[in-house]
Undergrad: 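Take this structure, written in structure tokens, and hold onto it; I'll ask about it next.
Throughout, protein chains are lettered first and strands after them, A, B, ... in sequence-line order, and every chain is numbered starting at 1.
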Amino acid sequence: MNPRIKGLSDIHRTSPALPKPTASSSFTLFPVTHFDLAATLNSGQVFHWHEQDGVFLGLIGGELVRVSQPEPGMLQISPGHEELVSRYLALDHDLAKMQRTLPKRDAHLKRALKYSPGLRILRQPRWECLATFITSSLKQVAHIRQISLTLRERFGHPVATVNGVVLHAYPTPEALAQAGEAALRACGLGYRAKFLHQTASRIAEGNFDLEAPAALDDEAACELLCTLPGVGPKIAQCTLLFAYERLGVFPIDVWIERALRELYFAGAAENVSARELREFAVTHFGPFRGYAQQWLFHHARTSGTFSRLRKVV
DNA sequence: TTCCAGGCCCATG
DNA sequence: CATGGGCATGGA
């Protein structure tokens, strides 16, 4: 056992410590509209960004990036990263146009949209997104973040040191396959360790091509991803939405399921089958329902306006 | 202490 | 095809 490997509780105390941005750091100003950096990076799509006083520091692939939003219409981006960041943050998505395709008379969606109108669907690296969501099943967002950071620290390539804090890239499939199931389990993964290890191994050995789903339609891509261990419809759809630009998929997790039942089937919520919920989502929210899903999810989780839905930070 | 978490797998009707 | 139990771990 490597003595440098600390217990999870120690990791939790130390790893989220934010590297302080230096006062002299330069930046590029980048005008934006319909964009909310904090809502986007804190909406449960991604789990590794460090935030302090509105400044977000993190890795996009293997690149250290610093982003902040000093005013609604302006981003500060670390120099040289403008293109990388705008692609990752999907600044080219025409939110106004997509919002016009949403159902007109939906007060619930309208409320969620008003809560965080600038929340965008990211373009994440495929493997990082898939692997993170494999570790997400039956876990709270805060714990997914812990697991993600621990995996990075133990098996990811160190990219940069900022004020004494080392930031690591997400470990490659090869690194996780080589690490072994037991070492993954020691990161607090529980039963998910086997799934993550098996999926990483399959990809590392060349028995699954993460680019293959990109050539298929949404349904076929989902079925293909679901052939991987630990990947079912929900995780496959989150991956398609957050890493394959499939804005028409609608992942249904426990939050969305309760929100849909409570908001759209009030009174008969207990009698609605899972099949009916899926049908409703597809027919009601339109071609960009992935966005609708994310606005509803973020509002349901963090607004505290639901009586029966517990607020989790 | 008990309940629950951005579910999946597998065994039954 | 739909439903139910089991599953590891840690925070509330």
Undergrad: Taking a pair as Watson-Crick or G-U wobble with both distances under 3.5 Å, which nucleotide is matched to C:dT9?
TA: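 Paired with B:dA5.
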Undergrad: Among the nucleotides B:dC8, C:dG11, C:dT9, which one has an atom lying closest to any side-chain atom of A:Q146?
TA: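 Nearest nucleotide to the side chain: C:dG11.
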Undergrad: Taking the six-membered ring for Trp, are the ring centroids of A:F30 and A:F35 within less than 6.0 Å of each other?
TA: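 Between A:F35 and A:F30, which both carry aromatic rings, the centre distance is not below 6.0 Å.
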Undergrad: Over how many whole Å does the gap from A:K234 atom NZ to B:dC9 atom C1' extend?
TA: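 Rounded to the whole Å, the gap is 17 Å.
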Undergrad: Take atom CG of A:D253 and atom C1' of B:dC8, then tell me their distance rounded to the nearest Å.
TA: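 Roughly 14 Å, once rounded to whole Å.
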Undergrad: Step through the shown structure and confirm whether more than 12 heavy atoms of other residues, nucleotides or ligands are within 6.0 Å of CD on A:Q198.
TA: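 Enclosed: over 12 neighbouring heavy atoms sit under 6.0 Å from CD of A:Q198.
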Undergrad: Compute the centroid of each ring, for A:H50 and then for A:F56, and state whether the two points are separated by less than 6.0 Å.
TA: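 Between A:H50 and A:F56, the centre distance exceeds or equals 6.0 Å.
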Undergrad: Which part of the nucleic acid, if any, lies within reach of A:Q294 when heavy atoms closer than 4.0 Å are counted: base, sugar-phosphate only, or nothing?
TA: base
Undergrad: Could you check which residues of residues 190-199 of chain A get a heavy atom under 4.0 Å from DNA chain C? Sort them by number, please.
TA: A:G190, A:Y191, A:R192
Undergrad: Should the ring pair A:F280 and A:F285 be called parallel, tilted or perpendicular, given that the plane angle runs from 0 to 90° and is split at 30 and 60?
TA: perpendicular
Undergrad: Using a 4.0 Å heavy-atom cut-off, does A:L241 contact any base of the nucleic acid, only the sugar-phosphate backbone, or nothing at all?
TA: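 Result for A:L241 = nothing.
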Undergrad: Indicate, with a heavy-atom threshold strictly under 4.0 Å, whether A:S43 touches base, sugar-phosphate, or nothing.
TA: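 Answer is base: heavy atoms of A:S43 come under 4.0 Å of a base.
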Undergrad: Ignoring hydrogens and angles, state whether a donor on the side chain of A:S137 or A:Y191 is under 3.5 Å from an acceptor on the partner side chain.
TA: yes
Undergrad: Can you check the distance between C:dA8 and B:dA11, where both ends of the measurement are the P atom (answer in whole Å)?
TA: 15 Å
Undergrad: Picking from C:dA2, C:dG10, B:dC8, which would you name as closest to the side chain of A:R275?
TA: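 Minimum distance to the A:R275 side chain belongs to C:dA2.
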Undergrad: Which nucleotide wins on minimum distance to the side chain of A:V254, given the candidates C:dG11, C:dA2, B:dG7?
TA: B:dG7
Undergrad: For the aromatic rings, using the six-membered ring if either is Trp, is the centroid distance between A:Y170 and A:F155 under 6.0 Å?
TA: no
Undergrad: Could you verify whether a donor N or O on one side chain and an acceptor N or O on the other, from A:D106 and A:H284, lie under 3.5 Å apart?
TA: yes
Undergrad: For A:R301 and B:dC4, what is the distance between atoms CZ and P respectively, to the nearest whole Å?
TA: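 Roughly 17 Å, once rounded to whole Å.
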Undergrad: Could you tell me the separation between the CD1 atom of A:I147 and the P atom of C:dA8, rounded to a whole number of Å?
TA: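 Atom-to-atom, A:I147 to C:dA8, this comes out as 14 Å.
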Undergrad: To the nearest Å, give me how far apart CD1 (A:I134) and C1' (C:dT9) are.
TA: 18 Å
Undergrad: A:I256 CD1 to B:dG7 C1': how many Å, rounded?
TA: 15 Å
Undergrad: Would you mind classifying the nucleic acid contact of A:G44 as base, sugar-phosphate or nothing, using non-hydrogen atoms under 4.0 angstrom?
TA: base
Undergrad: In whole Å, what is the span from the CG atom of A:L138 to the P atom of C:dC7?
TA: 13 Å
Undergrad: From CD1 of A:I144 over to P of B:dC4, roughly how many Å is that when rounded to an integer?
TA: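 Roughly 18 Å, once rounded to whole Å.
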